[in-house]
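A, B, ... follow the sequence lines: proteins, then strands. Residue 1 opens every chain. A quick note: this is a predicted structure, and the numbers were derived from the prediction, not measured.
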2 protein chains.
Amino acid sequence: MAGVRAAQKEKTRRALIQAAMNQLSAEHGYASLSLREVAREAGIAPTSFYRHFQNMEELGLTLVDEGGLTLRQLLRQSRQQIAKGGSIIRASVTTFMEFVTNNTAIFRLLLQEKSGNSREFRLAVTREVEHFTAELVDYLVDEQQFAREVAELQADAIVRIVFSAGADALDADTKERQRLTEQTIAQLRIVARGAESMRQAAKTKELTAP
Amino acid sequence: MAGVRAAQKEKTRRALIQAAMNQLSAEHGYASLSLREVAREAGIAPTSFYRHFQNMEELGLTLVDEGGLTLRQLLRQSRQQIAKGGSIIRASVTTFMEFVTNNTAIFRLLLQEKSGNSREFRLAVTREVEHFTAELVDYLVDEQQFAREVAELQADAIVRIVFSAGADALDADTKERQRLTEQTIAQLRIVARGAESMRQAAKTKELTAP
DNA sequence: GCATTCAGTGAACACGTGTTCGCTCAATTT
DNA sequence: AAATTGAGCGAACACGTGTTCACTGAATGC
């Protein structure tokens, strides 16, 4: 019971996942992913695909799950960078862009595939993004002492800006990506200032008309 | 030379465009648009499609052009609403969301199709979005007296937030759309405050160390 | 009135697709 | 050692796709 069989199965399963990722590009999206092409790239017969996934859909959902893991990893690494000191915003955005650059396939799914998918697929992506946003809200509340309501507005705005810039970064060269990074940092600073000013206003109001 | 012929041709051309738009939905994106299905919905034979467009690609680019027109119309209507007085941000966001609701197909192309298309298609979309952003920059510079640099940061952030929210609104029910609208308004206010505070900081700096 | 232009057609093509079925044969279980 | 399990396979299927070609017939130009 060395599990040779199970190990081999897992191996070709990974091969299928990797093959699907390799096929994702700007011109060739998830919607036009074909079972036969994926199987070919993974080096197995088309029919063997079904030994691992019931559907292309099921493979897609698996990929989104991988995306969720990547997002959590991104959060962890971001926190580590922040702990090292320096600008929180700069560290976060830089880490984010690094992750995008090094996991293009996954971020294509998370940032660019907003249409042309099954409802279930979109829900899965939304779930991961919402989880990410929720983590950011918690950070703003716990570490930055924002009121929950403002933190939610701010976090959602940040995620929209950063994810949108990330989507652009996927199809940009190094130089353009650098520009996007700096631009995003500056924009998040604007948002932070705005949120800060909301906090001040709320405090003032609280004192004058409690 | 009454132009009966030309008129009929234009009519079925519009029918093709309309047919393509009708086929766009959350589950069925631009990538999986099929020549035959579009022709069928337009009420012509598949082969007749080629009398009007060389490609599905060419139809797609035409649709993006329509999107550009819609964006310009949106800007005009937004300015009219602003001229009526009241909150500039509220008027703009409300108008935007109305347009999204009433032109779902076009905004699906502009807001949700970021991947799985030809390079040319993506460039066309980007061109329209950038034009929109440039108009917004001009507004912030001319009417709100922002420095160009800050205006560009702010405009890009606004477009990212609003377009992202618009993309979500496309697949939301009325109530959720209302929530998105209010949320977006609040977020733009945060951004406006942040940008304003940048302006103050710049001024101060200018006075203290010119 | 006659000749020409041209939007629309139907048949036919080569091709890629997802999915089924029964088979093999090594890993595993008994 | 014998029996069972299960990943991987090739043949075959029905189907939708884009594109070609020669043809029709009404609108147009002369």
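Remark: P of D:dA7 and CZ of A:R14 are 17 Å apart, rounded to the nearest angstrom. What separates NZ of B:K11 from C1' of C:dG8 is a distance of 14 Å, to the nearest Å. A:F53 places its CZ atom 12 Å from the P atom of D:dG8, with the value rounded to the nearest Å. Across the protein-nucleic acid pair, A:E58 atom CD and C:dG18 atom P stand 15 Å apart, rounded to whole Å. Between A:H28 atom NE2 and C:dG16 atom P there is a gap of 13 Å when expressed in whole angstrom units. Summarising the geometry, the separation between CD on B:Q8 and P on D:dA26 is reported as 14 Å, rounded to the nearest angstrom. Rounded to an integer number of Å, the gap from A:L35 CG to D:dC9 P is 13 Å. Put simply, CD on A:E10 is 14 Å from C1' on D:dA7, counting in whole angstrom units.
Salt bridge annotation for B:D156-B:R160: present, with a cationic side-chain nitrogen under 4.0 angstrom from a carboxylate oxygen. Salt bridge absent: A:R122 and A:E57 never bring a charged side-chain N and a carboxylate O closer than 4.0 Å. Using a 4.0 Å cut-off between a side-chain N of Lys or Arg and a carboxylate O of Asp or Glu, A:R72 and A:E135 do not qualify as a salt bridge. Between B:E130 and B:R127, no side-chain nitrogen of the basic residue sits less than 4.0 Å from a carboxylate oxygen of the acidic one, so the salt-bridge criterion is not met.
A:T47 comes within 4.0 angstrom of a nucleotide base, judged by non-hydrogen atoms across all strands.
A donor atom on one side chain and an acceptor atom on the other are found under 3.5 Å apart for B:R179 and B:Q183.
Residues of residues 36-46 of chain B that place a heavy atom closer than 4.0 Å to DNA chain D, in numerical order, are B:R36, B:E37, B:R40.
Along DNA chain D, the nucleotide closest to B:Y50 and the one closest to A:K9 are compared, and the more 5′ of them pairs with A:K9.
Out of D:dA7, C:dA27, D:dG18, the shortest distance to the side chain of A:R5 is found at C:dA27. Between C:dT28, D:dT19, D:dT17, one nucleotide has an atom nearer to the side chain of B:N55 than all others, and that is D:dT19. When the nucleotides C:dC23, C:dC21, D:dT19 are ranked by their closest atom to the side chain of A:R51, C:dC23 comes out on top.
The distance from the CG atom of A:N102 to the CZ atom of A:F107 is 9.5 Å, given to the nearest 0.5 Å.
Between A:S48 and D:dA7 there is no side-chain polar atom (N or O) within less than 4.0 angstrom of OP1 or OP2.
Applying the ring pair (Phe, Tyr, Trp, His ring centres under 6.0 Å) criterion to B:F53, with sequence neighbours excluded, gives B:F49.
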